[in-house]
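Here is the structure we will look at.
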Protein chains: 2
Amino acid sequence: MSENSRTDEISLDRTDKAILNLLQRDNKTSQRKIAEQVNLSAPAVQRRIKRLEETGVIQANVAIVDPAKVGQPITLFAQVAMESERTDLYETARRSFVAAPEVQQCYYVTGEADFMLVISVRSMSDYEALTRRLFFQNNNVKHFRTFVAMDRVKVGLSIPLG
Amino acid sequence: MSENSRTDEISLDRTDKAILNLLQRDNKTSQRKIAEQVNLSAPAVQRRIKRLEETGVIQANVAIVDPAKVGQPITLFAQVAMESERTDLYETARRSFVAAPEVQQCYYVTGEADFMLVISVRSMSDYEALTRRLFFQNNNVKHFRTFVAMDRVKVGLSIPLG
DNA sequence: ATTGAAAATATAGGCGA
DNA sequence: TCGCCTATATTTTCAAT
């Protein structure tokens, strides 16, 4: 396999980490300003960012949308337990979760649950409709438990690098 | 209060939604290319993006870092139940969760738990240390339950806009 | 591997329709 | 509101150290 297989750790020096911390806050920061903050020239910063993107350390550059501002004020968690861990049944469920646009995040977990989902919807009736599609319609779902988020206290995907 | 108070919904037409869907995938897409895709001029696209940022529809522009590539391969959930819902005790806990850099996401939820946390760490022993700081050291934490993510099936903060 | 300058892109703002 | 045009800023490339 190549030298940067999908899961291998990339070594980062102090400067790389400083750059990543800045970009995780605001990736529109100009290379010139980043250069000032990390005591480097702009092209040097540019090369480092390019490397971070090519090696997959930076997975994506995205705009974060406020769900409440676009009419999707309800965030909730669904904890899903499956009947059987058979691979084909697991795959079917997994694919249905990935395909649902309301599902922002889906993790396969150990413990009392098998999947943990983070979901964003316009209304509780939309959520009910979604549970019918994803859970009740799948025989392999043993049970699920819902937690409604009353406050999105802290939301992000930042990885602290020190 | 002003015309764009913090939680009010902003009306978006079809074009705004198309732009947001593009930017949620890749906010480095140039205004020129966006303009082609939505059949508008680049300056028109620019004005719309500016409005979306000023009204807070676009909350932030960030780089997404792959946790495994930077040596933090472990993602987990902590479901936390509190003893008392007293405001001051809630605030203390809430602040400690927000302050912890390992805590990527923190939601205050209804149901059997009070808080749901998404956490990213280097190792299980780092997680153990974190639980001591956040949970065992806080008398108001009744109990907590951990779910280790074996697979980050789908991870993002995108809001589907149709 | 860094610098500094030049070329190519991209963004921001003014103006008339 | 848009599209066009122009000015500014930023990113990218390249020669030289």
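Order of the sequence lines fixes the chain letters, A, B, ..., with proteins taken first and strands second; residue numbering starts at 1 for each chain.
- For the residue pair B:E53/B:N61, the side-chain donor-acceptor check at 3.5 Å is satisfied.
- Separating the CD1 atom of B:I19 from the C1' atom of D:dC2 is a distance of 13 Å, rounded to the nearest angstrom.
- The side-chain heavy atoms of A:E83 and A:N139, taken from C-beta on, include no pair separated by under 4.5 Å.
- Rounding to whole angstrom units, NZ of residue B:K28 and P of C:dT9 are separated by 18 Å.
- Using a 4.0 Å heavy-atom criterion, one finds that A:S30 contacts the sugar-phosphate atoms exclusively.
- When the C1' atom of D:dT11 is taken as reference, atom CZ of A:R48 falls 18 Å away, rounded to whole Å.
- Judged by distance alone, with hydrogens and angles left aside, B:R47 brings no side-chain donor or acceptor close enough to the base of C:dG13 to form a pair under 3.5 Å.
- Atom pair A:E36:CD and C:dT2:P shows a separation of 17 Å (rounding to whole Å applied).
- Atom C1' of nucleotide C:dA8 and atom NZ of B:K33 are separated by 13 Å, given to the nearest angstrom.
- B:Y90 has its side chain within reach of B:Y108: a pair of non-hydrogen atoms, C-beta onward, lies under 4.5 Å apart.
- Using a 4.0 Å heavy-atom criterion, one finds that B:R51 contacts no nucleic acid atom at all.
- Between C:dA12 and B:Q31, a contact under 4.0 Å exists linking OP1 or OP2 to a side-chain N or O.
- If you take CD of A:Q46 and C1' of C:dA1, they are 14 Å apart, rounded to a whole angstrom.
- Where B:R32 and A:L40 each meet DNA chain C at their nearest nucleotide, the meeting point lying more 5' is that of A:L40.
- When rounded to the nearest whole Å, the span between CD1 of B:I49 and P of C:dT11 equals 8 Å.
- When rounded to the nearest whole Å, the span between CG of B:N27 and C1' of D:dT11 equals 15 Å.
- The main-chain N or O of B:A100 is found under 3.5 Å from a side-chain atom of A:K154 such that the two form a donor-acceptor pair.
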